[in-house]
Amino acid sequence: MQYISTRGGGEPLSFGEVLLEGLARDGGLAVPAQMPRVDGETLDRWRALTYPQLATEVLALFATDIPRDDLARMTAAAYASFPAEVVPLRPIGDGLTLVGLSEGPTLAFKDMAMQFLGQVLEYALERNGSVLNVLGATSGDTGSAAEHALRGKERIAVFMLSPQGRMSAFQRAQMFSLDDANIHNIAIDGVFDDCQNLVKQLAGDIEFKRAQNLGAVNSINLARITAQVVYYFWAWLRATDAGGPAEVSFTVPSGNFGNILSGLYAKLMGLPIRRLVLATNENNVLDEFFRTGVYRPRSAAETLATSSPSMDISKASNLERFIFELFGRDAQLVVQAWNELDEQGFFDASADQPRFADEFGLVSGTSTHADRIDTIRSVHASAGEIIDPHTADGVKVAREHVEPGVPMLVLETAKPQKFAETIREALGVELEYSDELRAMLDAPQHVTEMADDAQALRAFIEAAALKG
Ligand SMILES: *Cc1c(COP(=O)(O)O)cnc(C)c1O
């Protein structure tokens, strides 16, 4: 399988090459040259597989340059610390079922992809004898998932910037309690956008980037997208009976359009998915797009701080991969749309809007703080389950799209323990923490405080980066 750019430039690359290169050289995103296809017979054969075995089968379709035995070893290692099922399904009534994606070390769905990415990155670096210094900015979930996946890796170091004093106590503890020598937590005196600007400044300096072997593991990372495709297959196999095909729908609490894009890939590969329901919070730039066909990214100042903070986005980096499919994989049209966006601040695909649902199954909805609180309460009352605020956004929007006879699978993107304040507001209860989580919350913290100063950050990285 070769990978091409959504903007048509550059030579096709292998999976391994994309893994280490990140962005396509023309500024576009890497996509499979053709989408792999899976038929009904294969699906039935996959029913007997464990999660790591299924992951090996699905990932082998994308990572054709990695021998299958190596893939099998990596998927086994990636999900070894998860419960036996890895992704459990729990019905909550009214035709809704939760798909448990948050059983990993940081209690959010980003572990699903990041744990595999840690394995495959180390493998690729070993194969070509290089090292990688990951530079990233986080407001919470991404940073902790990356650090827990990459800790202790010999050829990888992590430099993770976070806004000082702006993460929850739980999120801080998840990152700062790590004392691995290859993990560097840097608390910047600023907000998340300041952190992101520092990353852009340093990663945009091509010479510095090359000299320091800098890379990223953000949500446009192709290996993350492909690892997420696996659980759509898994959930479909658990929710349907042999002999199918029976359609199911998924609802996905969304921010950067990474998670739901993986669902779209599963559908384009032939998995019988009826609807992919995109749920946003008050930062509903994507709901607006899917309802109207007009995509108008917002400024940082227009981005609200909500009680489902991991969905607080102003633009959705992965949307370009959908636009590429929408425009029949015509890179010229993608470039045109993005030029239009640069010139006038929006692009207008309203003529194609009916195709979003008809061809791709994509529909959407918005959930607010009040909806979140109501939904946490109602699911607790009817099913005895405590769901996190992001999953609550999903359940709220899912209820608006349930169809008779079609199972509605809602992706559980985090555990409630990560967001205890909102649970307290909704239910008036204090959540129990396991002994392990208690120990993490009480552990000594390791973090370097730094001014919002690119020069200071450069010096820090030069001194601590792994040398290739
Ligand atoms: C990252 C995240 C999301 C959003 O996922 P995208 O892939 O960015 O759309 C939703 N919920 C939680 C808990 C997250 O951490």
Side-chain angles (χ1 to χ4, degrees), residues 29 98-115 117 136-149 162 167-168 170-171 174-175 192 196 217-229 231-232 250-266 276-287 289-290 303 306-322 362 364-367 372 375-376 387-398 410-420 422-423:
L29 303 185
L98 295 179
V99 180
L101 301 179
S102 308
E103 308 294 325
T106 74
L107 313 189
F109 92 94
K110 291 189 175 68
D111 289 329
M112 295 300 304
M114 213 61 99
Q115 287 291 322
L117 181 62
T138 188
S139 53
D141 292 344
T142 307
S144 56
E147 291 187 356
H148 282 259
S162 59
M167 289 194 300
S168 72
F170 193 94
Q171 289 174 318
Q174 267 191 329
M175 290 175 56
F192 174 65
Q196 226 171 7
V217 294
N218 47 25
S219 74
I220 54 173
N221 184 290
L222 180 81
R224 285 180 62 183
I225 300 295
T226 54
Q228 289 166 184
V229 170
Y231 50 71
Y232 287 90
F250 287 94
T251 299
V252 188
S254 292
N256 266 319
F257 203 74
N259 197 351
I260 196 165
L261 176 79
S262 300
L264 179 64
Y265 277 17
L276 286 160
V277 184
L278 180 142
T280 71
N281 64 20
E282 292 89 334
N283 296 295
N284 57 357
V285 53
L286 285 177
D287 183 30
F289 173 61
F290 282 99
T303 309
T306 75
S307 50
S308 45
S310 302
M311 292 155 60
D312 291 349
I313 54 108
S314 48
K315 52 180 180 293
S317 9
N318 272 302
L319 194 65
E320 180 161 341
R321 288 182 166 123
F322 167 61
L362 282 159
S364 68
T366 293
S367 163
R372 219 164 284 142
T375 306
I376 292 170
I387 58 172
D388 102 288
H390 306 79
T391 309
D393 288 331
V395 170
K396 186 268 178 181
V397 175
V410 182
L411 302 192
E412 180 191 46
T413 56
K415 289 285 189 198
Q417 279 80 359
K418 281 195 107 156
F419 304 97
T422 305
I423 302 304

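In listed order, ligands and their atoms are each counted from 1.
Summary of contacts: the protein heavy atom closest to atom 9 (O) of ligand 1 is Gly255 N, 2.7 Å. Residue, atom and distance of the protein heavy atom nearest to atom 8 (O) of ligand 1 are Asn256 N, 2.7 Å. Closest to atom 11 (N) of ligand 1 among all protein heavy atoms lies Thr413 OG1, 3.0 Å. Given atom 7 (O) of ligand 1, the protein heavy atom at minimum distance is Asn259 N, 2.9 Å.
Across His390, Arg224, Lys110, heavy-atom proximity to atom 2 (C) of ligand 1 is greatest for Lys110.
Counting the atoms of ligand 1 from 1 in the order shown, those under 4.0 Å from a heavy atom of Ala414 are 13 (C). Atom numbering of ligand 1 starts at 1 in the shown order; those under 4.0 Å from a heavy atom of Gly258 are 6 (P), 7 (O), 9 (O). Against a heavy-atom cut-off of under 4.0 Å, Met311 is close to the following atoms of ligand 1: 10 (C). Residue-ligand proximity, Pro253 to ligand 1, at heavy-atom distances under 4.0 Å covers atoms 4 (C), 10 (C).
In terms of modelled atom types and a separation under 3.5 Å, the side chain of His390 and the main chain of Ala414 share no donor-acceptor contact. No donor-acceptor pair under 3.5 Å is formed between the side chain of Thr142 and the backbone N or O of Thr138.
Inclusion of Ala108 in the set of residues having an N or O under 3.5 Å from an N or O of ligand 1 is not warranted.
Using a 4.0 Å heavy-atom cutoff, Ser219 is absent from the residues neighbouring ligand 1.
Side chain to side chain, Asp312 and Thr306 meet the donor-acceptor criterion of an N or O pair below 3.5 Å. Looking only at atom types and distance, the side chain of Arg372 has no donor-acceptor partner in the side chain of Thr422 under 3.5 Å away.
Once rounded to the nearest 0.5 Å, the distance linking OG1 of Thr280 with CG of Asp287 reads 5.0 Å.
Between Phe257 and Phe289, the distance separating the two ring centers is not shorter than 6.0 angstrom.
Under 4.0 angstrom from ligand 1, the non-hydrogen atoms of Phe109 all belong to its side chain.
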### Message
side chain to side chain donor-acceptor pair (under 3.5 Å) for Asn256 and Ser317? Distances and angles first, verdict last.
### Response
CA-CA 6 Å; Asn256 266 319; Ser317 9; 3.1 Å; yes
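Among the candidates Asp388, Asp141, Asp111, the single residue satisfying the salt bridge (charged side-chain N to carboxylate O under 4.0 Å, His left out) test with Lys418 is Asp141.
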